[in-house]
Amino acid sequence: MGERIEQSSGSGKIKRSSELRTETRLELEDLGDLRRTHYCGELRVEDAGKSVVLMGWVRRRRDLGELIFIDLADRTGIVQVVSSRDRSAQAFSAAELLRSEYVVAVEGKVTKRLPENVNPALPTGEIEVEAVRIHILNTAKTPPFYIQDNTDADENLRLKYRYLDLRRYPMLRNLELRHRAVKAVRDYLSSLGFWEIETPMMTRSTPEGARDYVVPVRTAPGKFFALAQSPQLFKQLLMVAGVDKYFQINRCFRDEDLRADRQPEFTQIDIEMSFAGEEEVFSLVEGLLGYTWKTVLGVTLPVPFPRMTYREAVARYGTDKPDIRFGMEIHDVTEAFRGTSFKVVADVLRRGGRVKALVAPGQAGMPRSQVDALVERAKGYGAKGLITLAYLDGEVRSPARKFLSDSELDRVREMSGAVTGDLVLCVAGEDVPCCEVLGKMRLDLGRTLGMIPRGSSAFLWVTEFPLLKINEDTGEWEAAHHPFTSPVPEDLERFEELARTDRGAIRARSYDVVLNGVELASGSIRIHRRDVQEKVFRVLGLNEEEARKRFGFLLEAFEYGAPPHGGIAFGMDRLIMMMAGAETIREVIAFPKNSSGTCVLTDAPASIDREKLEELGLEVKVPHS
RNA sequence: GGAGGCGUGGUGUAGCCGGUCAAACAUACGUGCCUGUCACGCACGAGAUCGCGGGUUCAAAUCCCGUCGCCUCCGCCA
């Protein structure tokens with residue numbers, strides 16, 4: 001017991017710590033009948049005089065020779081244990097042996113500290129525990145990084161030793177926050193009559209959407225389950241079943257590239273309700289988030305949330321998930337250039353394009369190198385070019401100055417709302433792409449110019465997304481949300497006409513919850529009528545037979561009395577991330593994958609044995625690793 | 001798939017317009033001293049062939065090429 005065997009064992013190179021730290025004198029004790037009476041972080045002045053038994057980890061040891069202080073830590077916090085020979089010879093000799101992260105039980109007496117010894121930085125700082133007996137329950141190797149609140153250790157190292165990383169209070173607090181948020185969600189939805197029902201994770205691969213994770217099946221060689229990308233179809237079946245109000249906190253799997261706020265497996269709060277329209281979903285969600293924020297963070301959210309259509313969001317913010325914590329909206333300045341002799345812009349206008357503008361307040365004096373960087377960035381975002389106009393006192397500085405007339409410059413200033421001292425960025429081209437470029441520039445500038453207020457939460461409903469979108473790869477129209485999303489009633493009335501002339505303009509009864517520019521939830525009112533579903537399938541280019549093949553079970557179910565229904569699904573991890581104020585989703589997941597999609601802790605994904613492949617009827621083509 | 005950034009003792013960094021660098025600093029680690037510390041302090045000690053491979057050169061942590069890993073973003077994510 002208690003060996004401190006280093007990884008290099010066997011190499012012949014013995015690290016000193018592996019020997020000296022164990023010393024012959026160190027004997028581990030069993031827990032026996034010893035039981036904890038208090039948690040470390042809970043002790044207060046009122047506890048002074050009490051005899052206590054604490055259990056925890058030695059976070060720090062301050063050895064003053066004949067006086068040893070120990071910071072004893074458990075999930076509730078840290079308390080100082082003091083030990084000296086005159087108080088207890090046993091405790092003192094044990095304290096001399098202690099090292100970082102040893103596991104100990106401390107029997108002792110809570111004493112009020114002298115005023116000059118109080119540590120105001122600690123909730124337990126007014127007291128300390130005088131050790132009477134110290135039981136060393138386990139030793140510990142020296143941790144590969146510091147177990148302290150602020151770490152700058154490499155994230156992959158943290159992930160490899162995630163159990164140590166989680167020992168840090170910010171991480172423990174995130175885990176607790178998550179637990180409380182999940183509980184709040186369950187409590188709230190349950191109180192409104194929602195039933196939590198589990199749906200399969202192993203299911204059938206569907207052609208739409210993200211790439212599937214695939215599960216080979218021994219009993220059906222050559223066939224595969226897909227891990228569910230969402231419980232979408234099943235929750236709709238539950239509506240047909242008459243469940244009426246359903247929710248689930250479930251895991252979803254999507255095999256796509258990762259991001260700071262995206263993991264290949266993630267948790268969703270999935271909700272569906274029958275005989276409801278948008279307003280019922282909206283108020284449910286506002287109530288749910290309001291309750292959760294209040295219970296977990298003690299913060300009252302302003303409800304109802306503001307609403308904005310997709311079209312408006314793109315026009316004003318260049319994105320379908322605007323961060324409305326700051327202004328800096330996009331302006332259409334096309335008319336300022338009507339009849340311009342600036343060839344590049346004139347060409348765009350002739351083709352029916354637009355000119356969009358973004359005002360960077362007070363940035364007219366931006367150095368040329370930075371302005372050039374902005375132009376490059378805009379190109380990186382897909383713009384053909386970026387016209388920068390620096391409105392200085394009495395002059396306008398711009399690389400395109402000689403192509404532009406004074407009146408054009410005045411009109412741009414007027415239409416964009418720019419004032420002297422501002423830098424105006426203009427992009428010419430197709431309407432939506434221009435807005436999207438400027439939308440990204442807006443976020444970049446908002447961040448670098450410090451325009452985004454910290455600590456504020458700006459919720460927003462974005463509604464009426466397009467029903468269809470064009471797939472860039474295939475050039476075909478696809479469902480933007482999923483193929484069971486209802487069109488808005490007005491557009492359904494003239495559905496045939498729109499399907500012929502302007503498919504992209506058909507609006508869906510779909511909606512997102514956006515918080516500070518992050519998509520938190522997404523949902524829709526579904527199609528429950530066969531005739532409507534057929535129309536949508538038709539515009540998607542699916543005939544009866546193809547639709548049957550893909551979604552047959554759902555379509556069949558819908559023939560047995562599907563109620564009108566709709567719902568929404570939250571990205572739980574993102575929700576918690578926002579509540580915790582974390583930078584990445586990984587900070588609120590106990591055991592996340594790194595951004596390359598591997599689990600550093602278990603070294604998964606990994607190869608499997610030849611025999612297992614054999615059994616599954618699989619052959620691997622890539623060179624073995 | 002694309003762009004950018006990073007990779008040096010356990011950890012975090014410096015060095016990186018080539019030589020005096022078998023590499024500095026902090027911290028962690030070990031030993032000793034220390035009775036009021038709380039990031040304790042002081043002293044001493046151990047610890048890295050600078051991600052990997054190749055090239056240029058009299059000489060490479062440093063320059064070049066390739067490669068691997070990681071992080072962020074774009075594409076992608078109904």
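Every chain is numbered from 1, with letters handed out A, B, ... down the list of sequences.
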Parallel under 30°, tilted from 30 to 60°, perpendicular over 60°: which one fits the rings of Phe253(A) and Tyr213(A)?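 Judged by the thresholds at 30° and 60°, the geometry between Phe253(A) and Tyr213(A) is perpendicular.
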Touch check for [X], heavy atoms < 4.0 angstrom, all strands: base, sugar-phosphate only, or nothing?
X	value
Thr598(A)	sugar-phosphate
Asn117(A)	base
Glu478(A)	nothing
Asp257(A)	base
Arg586(A)	sugar-phosphate
Glu116(A)	nothing
Ser596(A)	sugar-phosphate
Arg259(A)	base
Asp154(A)	sugar-phosphate
Gln229(A)	nothing

Is there side-chain contact between Leu238(A) and Glu272(A), with at least one heavy-atom pair below 4.5 Å?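 Counting from C-beta outward, Leu238(A) and Glu272(A) never come under 4.5 Å.
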Distance check, [atom1] atoms only: [N] and [M], in whole angstrom units.
N	M	atom1	value
rG69(B)	rC76(B)	C1'	22 Å
rU62(B)	rG1(B)	P	28 Å
rU56(B)	rC64(B)	P	15 Å

Pairing nucleotide - [N], Watson-Crick or G-U, each distance under 3.5 Å:
N	value
rA24(B)	rU13(B)
rC42(B)	rG32(B)
rG7(B)	rC68(B)
rC58(B)	rG19(B)

Whole-Å distance separating the [atom1] atom of [X] from the [atom2] atom of [N]:
X	N	atom1	atom2	value
Asp261(A)	rC76(B)	CG	P	15 Å
Glu155(A)	rG12(B)	CD	P	12 Å
Gln80(A)	rU35(B)	CD	P	16 Å
Tyr146(A)	rA39(B)	OH	C1'	11 Å
Arg62(A)	rU27(B)	CZ	C1'	16 Å
Arg87(A)	rU35(B)	CZ	C1'	9 Å

Check whether more than 12 heavy atoms from other residues, nucleotides or ligands sit under 6.0 Å from atom CD of Glu430(A), and answer yes or no. no
Ring-on-base stacking rU11(B) with Phe145(A) (under 5.5 Å, under 30°): no
5'-most contact on RNA chain B (nearest-nucleotide basis), Leu258(A) vs Arg254(A), goes to Leu258(A)
Of Asn594(A) and His482(A), whose closest RNA chain B nucleotide lies nearer the 5' terminus? Asn594(A)
Using only atom types and a distance under 3.5 Å, with no angle test, would you say the side chain of Asn594(A) pairs donor to acceptor with the backbone of Ser596(A)? yes
